Every structure is written in structure tokens, then in C-alpha cells.
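Below is one structure, written out as C-alpha cells; comments come after it.
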Amino acid sequence: MNSMKIRRTAIAVTAAVALPFSLAACSDSGSDTKAAPTAAAGDEAKTQTSTPSEAPMTGDQPFGPACAGVPKEGAGSFDGMAKDPVATAASNNPALSTLVTAVTKAGLVDTLNNAENITVFAPTNDAFAKIPKADLDKVLADKDMLTKVLTYHVVGEKLTPKQLENGTFETLQKGTITTQGSGEDYTVNDTSKVVCGNVKTSNANVYIIDTVLMPK
């Protein structure tokens with residue numbers, strides 16, 4: 001009997017000593033389980049932090065109220081124009097048909113299409129309509145004058161919207177134009193508004209404007 005009591009006592013003591021360690025082990029295991037989501041949350045936070053780095057790419061898109069009138073598909077769409085040189089791209093945009101007629105009359109189609117890294121300030125049909133018909137017909141009939149007017153709308157480098165914020169640029173006509181503005185609101189020579197800007201063609205950046213620029 002004494003031997004059995006001693007054995008039972010020993011077992012009880014052993015269990016009592018082992019219990020705290022078992023509880024501690026369970027507690028540590030629980031801590032590890034709770035810590036895992038924190039690490040995962042940290043990884044998620046890193047992922048969320050890295051995502052905005054891609055956002056600036058969206059800022060390189062066309063902007064302005066007249067952009068809504070550009071076809072969504074086909075050669076005249078933004079994607080379509082990006083594949084063609086500038087004179088060809090303009091010919092696929094119905095709003096630039098008068099400009100295309102003028103460029104053709106001046107014999108500048110190949111000049112513009114073969115140029116590299118240029119910016120074209122492209123007047124809309126409505127911009128040409130602001131010019132009295134007699135005066136417009138006179139310019140269209142005078143190839144030298146027409147060439148001067150059209151090449152005044154071309155700058156020999158690709159201009160970004162940022163550069164237009166407060167810029168002065170030499171044109172192919174050898175005159176200068178000035179630009180100012182910010183965001184999606186830009187003015188050229190204090191008279192002409194950019195109505196659809198940052199349009200890409202294969203060789204040019206195009207800013208569609210609402211008033212024809214006259215050489216100074």
C-alpha cells in the first residue's frame with residue numbers, strides 16, 4: 001500500500017510540474033498563430049504601397065473636352081492614330097479635315113510624315129471657320145503663305161504637357177510660339193486653347209487647338 005501511495009504521489013507531482021510547461025507551450029503556439037496575420041497584413045501593406053507607383057502612367061493620356069469626339073475604334077481613334085505618322089493620322093480624324101486639305105495644298109504631307117519627334121498644334125475645322133472665308137481662300141491659294149502658316153504650327157521636338165506650362169518654342173517656320181497653363185488647361189499665344197492635348201502619333205505629339213495661329 002505504501003508503495004502504491006508513493007507511486008501515486010510521484011505521478012501527481014510529475015503532472016503538476018509538467019502542466020505549466022504544457023500551458024506555456026500552448027500559449028506560445030497561440031502567439032505564433034496570432035502573429036501570422038500580422039506578417040500577412042504587413043505583406044499586404046507593402047503590396048498596396050507599391051501599387052501607386054504605376055499610377056503616373058495614366059497621366060500620359062489625351063485630355064481635353066474635344067477628346068470625347070474622337071472615334072473609339074479604328075484608324076481615327078487614339079490607338080489608331082498612334083500607329084500612323086502625323087499627317088496620315090490627322091486625315092483619319094474628321095475634325096481636322098480642313099487642316100488636312102491645307103497640308104495637302106501646301107505639299108507638306110510627306111514632310112510631316114517623314115519628320116521625327118515633332119509637335120503639331122492642329123487647328124480644328126471650327127478654328128479655320130473663324131477666319132473670314134475670303135481671307136481663308138486667299139491663304140489656301142497662296143502656297144508660300146500657306147506653308148508659312150502651317151509650319152508655324154510645328155515645333156521640332158515632342159513637347160509634353162509639363163513643358164507647355166510656361167514655354168517658348170521655335171517653330172519650323174522659324175518664328176516662336178508661347179504656351180502657358182497647367183493640368184488640362186493650356187493656351188497657345190494667349191489666343192488659342194488646347195481642346196484635346198497629348199494625342200500621340202508614331203512620330204509626333206499633337207495638341208488640337210481651337211484657333212489658327214498666325215506667324216508673328
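These numbers come from a predicted model, not from an experiment.
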Checking one residue: Phe63. Which other hydrophobic residues are in its cluster under the side-chain 4.5 Å linking rule?
Phe121, Tyr152, Val155, Leu159, Leu164, Phe169, Ile177, Tyr186, Val188, Val194, Tyr207, Ile209, Leu213
Working note: Glu157 + Asn117, criterion side chain to side chain contact (heavy atoms under 4.5 Å, CB included); need CA distance, chi angles, decisive distance, verdict.
CA-CA 5 Å; Glu157 62 178 303; Asn117 300 323; 6.0 Å; no
Would you check if there is a donor-acceptor pair between the side chains of Thr201 and Asn203 at a distance under 3.5 Å?
yes
Using side chain to side chain contact (heavy atoms under 4.5 Å, CB included), reason through Lys143 and Leu146 one step at a time and then give a plain yes or no.
CA-CA 5 Å; Lys143 186 174 180 179; Leu146 183 58; 5.6 Å; no
Residue Glu116 excluded, over 12 heavy atoms near CD under 6.0 Å
no
Which atom of Thr147 lies closest to which atom of Thr151, heavy atoms considered
O-OG1, 2.7 Å
Could you measure the distance from the OG1 atom of Thr168 to the CG atom of Asn189? Nearest 0.5 Å is fine.
9.5 Å
Nearest-0.5 Å distance that lies between atom NZ in Lys72 and atom OG in Ser77
10.0 Å
The residue among Val86, Val199, Thr88 that forms side-chain contact (heavy atoms from CB on, under 4.5 Å) with Met81 is Val199
Give me the atom names and distance for the closest heavy-atom approach of Asn113 to Pro85.
OD1-CB, 3.3 Å
Step by step, would you call Lys133 with Asp137 a salt bridge (Lys or Arg N to Asp or Glu O under 4.0 Å)?
CA-CA 6 Å; Lys133 188 176 186 306; Asp137 289 343; 2.8 Å; yes
Would you say Asn166's side chain and Gln180's backbone share a donor-acceptor pair under 3.5 angstrom?
no
How long is the gap from CG on Asp210 to CG on Asn125, to the nearest 0.5 Å?
13.0 Å
Would a distance-only check, ignoring hydrogens and angles, find a side-chain to backbone donor-acceptor pair under 3.5 Å from Thr187 to Asp190?
no
To the nearest 0.5 angstrom, please state how far the CG atom of Asn114 sits from the CG atom of Leu108.
12.0 Å
Here the pair of heavy atoms bringing Gly76 nearest to Pro71 is O-CD, 3.5 Å
Decide yes or no for Val212 and Ile131: does some side-chain heavy atom of the first lie under 4.5 Å from some side-chain heavy atom of the second?
yes
Do Asn205 and Thr119 pair up side chain to side chain, a donor and an acceptor below 3.5 Å, judged on atom types alone?
no
Are the side chains of His153 and Gln173 in touch, meaning some heavy atoms are under 4.5 Å apart?
no
Under the ring pair (Phe, Tyr, Trp, His ring centres under 6.0 Å) definition, can you give me all pairs with a residue in residues 77-109, not counting sequence neighbours?
none
Which pair of heavy atoms, one from Ala106 and one from Leu150, lies closest together, and at what distance?
CB-CD1, 3.8 Å
Just checking Lys193: does its NZ atom have more than 12 heavy atoms from other residues, nucleotides or ligands closer to it than 6.0 angstrom?
yes
Heavy-atom neighbours of Lys158 NZ exceed 12 at 6.0 Å
yes
Output yes when a side-chain donor or acceptor of Asp60 lies under 3.5 Å from a complementary backbone atom of Asn198, and no otherwise.
no
Lys130-Thr211 side chain donor-acceptor pair, cut-off 3.5 Å:
yes
When you group the ILVMFWY residues by side-chain heavy-atom contacts below 4.5 Å and let the links chain together, are Val100 and Ile208 in the same group?
no
Shortest non-hydrogen contact from Asn92 to Ala75?
ND2-CB, 3.5 Å
